[in-house]
Amino acid sequence: MPSRFWIVALVPLFACAPVVTHGPRVEPGAELMMTLGGPRPFCGSNTDTECNAGLIPTWGAGVRYGFTPDGPAGVAALAGLSVPIADPLGTEVDGFVQAPSSGVWAWGGGALWSPRHLMPYAQVGQMPPGGGPGWYLTLGYAHLYRDPSLAVDQEDTDGDVMARPPRYWAPGAAVRTRRGGSSLTFYVQGAFGSYLRRDAYFDPATNRYVDEDVRKPVRTVLFGATWAIGFGDIHFPHPSGPPRTPPPIPNP
């Protein structure tokens with residue numbers, strides 16, 4: 001009997017779940033990144049995969065750009081765009097704002113949005129300035145707009161479909177390594193919530209088919225890796241503008 005891991009691994013790659021692929025420290029300039037991953041459901045049975053709900057981390061590539069201030073007292077911002085390999089219509093936008101930080105600790109918040117989902121999130125961790133190795137924690141809340149187990153061109157045509165796509169808390173942790181101008185981040189992210197499945201059954205008392213919405217748990221862990229590398233010498237000015245130089249002190 002195949003394990004539930006391999007059963008879920010056969011779900012098409014366009015069944016994407018939102019995953020934050022960067023830490024709370026915004027790096028200046030442009031980066032190219034590629035990401036992939038897999039799921040591990042915890043449904044209580046080796047053959048049961050319902051608690052996965054079709055969730056699989058994105059396999060795709062993208063770009064992101066960091067706007068950083070000239071000093072630690074300013075606010076940094078990141079804008080990113082990633083495209084799933086098998087579902088270009090599910091292109092995801094990432095917006096993140098980092099709070100001022102003068103040490104190794106960094107924190108901030110943002111949101112992932114695509115036509116498939118919305119996930120606001122917050123992050124905190126030890127990420128030293130300059131892009132060195134570090135670790136961080138993430139907490140998000142995912143709101144999916146469609147059944148993630150469906151193919152891009154597939155419709156809900158049977159009597160056993162999702163009446164409401166998954167909504168779940170997404171706590172996560174990650175470790176980033178650095179070598180030269182590139183970084184490699186290994187992440188793990190939970191998915192703990194529920195979805196509504198619509199079951200159709202025949203009621204002999206009324207001699208009719210009846211639809212019933214049944215709440216199903218989401219209990220799965222997503223894991224994977226993201227590789228990123230800075231490219232080009234493209235730098236836009238920080239929105240706050242250049243720092244102001246104080247006027248000289250007149251001689252007494």
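The chain is numbered in sequence order, starting from 1.
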Student: At their closest point, which heavy atom of Val75 faces which heavy atom of Pro69, and how far apart are they?
Tutor: O-CD, 3.8 Å
Student: Can a cation-pi geometry be assigned to Arg197 and Tyr195, taking NZ or CZ under 6.0 Å from the six-membered ring centre and within 45° of the ring axis?
Tutor: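 No, Arg197 does not lie over the aromatic ring of Tyr195.
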Student: Would you say the rings of Phe96 and His22 are close, in the sense that their centroids are separated by under 6.0 Å?
Tutor: yes
Student: Does any non-hydrogen side-chain atom of Met162 lie less than 4.5 Å from one of Pro166?
Tutor: yes
Student: Considering all heavy atoms of both residues, which atom of Asp94 and which atom of Ala111 are nearest to each other, and what is their separation?
Tutor: OD1-O, 3.4 Å
Student: So, for Phe192 and Trp169, is the gap between ring centers shorter than 6.0 Å?
Tutor: no
Student: What heavy-atom pair brings Gln189 and Pro18 nearest, and what distance separates the two atoms?
Tutor: NE2-O, 3.0 Å
Student: Give the minimum heavy-atom separation between Ser194 and Arg215, together with the two atoms involved.
Tutor: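 Closest approach of Ser194 to Arg215: OG-NH1, 3.0 Å.
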Student: Using side-chain heavy atoms (C-beta onward) and a distance below 4.5 Å, is Leu139 in contact with Tyr141?
Tutor: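 No, too far: nothing below the 4.5 Å cut-off.
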Student: In the single-linkage hydrophobic clustering (I, L, V, M, F, W, Y; side-chain heavy atoms under 4.5 Å), do Val104 and Tyr136 co-cluster?
Tutor: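 They do not share one cluster, since no chain of ILVMFWY contacts under 4.5 Å joins Val104 to Tyr136.
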Student: Taking all non-hydrogen atoms of both residues, which atom of Arg25 and which atom of Met127 are closest, and how far apart?
Tutor: NE-O, 2.7 Å
Student: Between the side chains of Asp213 and Arg164, is the shortest nitrogen-to-carboxylate-oxygen separation below 4.0 Å, so that they form an ion pair?
Tutor: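 Looking at Asp213 together with Arg164, the answer is no, because their closest N to O distance does not fall below 4.0 Å.
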Student: If you compare all heavy atoms of Pro128 against all heavy atoms of Pro133, which two are closest, and at what distance to 0.1 Å?
Tutor: CD-O, 3.3 Å
Student: Is there a donor-acceptor contact under 3.5 Å linking the side chains of Thr21 and Arg64?
Tutor: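 Short answer, yes.
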Student: Is it true that Arg176 and Glu27 make a salt bridge, defined as a side-chain N closer than 4.0 Å to a carboxylate O?
Tutor: yes
Student: Is any side-chain heavy atom of Trp227 closer than 4.5 Å to a side-chain heavy atom of Ser182?
Tutor: yes
Student: Could you check whether any side-chain heavy atom of Lys216 comes within less than 4.5 Å of a side-chain heavy atom of Val214, counting everything from C-beta outward?
Tutor: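 Yes; the side chains approach each other to less than 4.5 Å.
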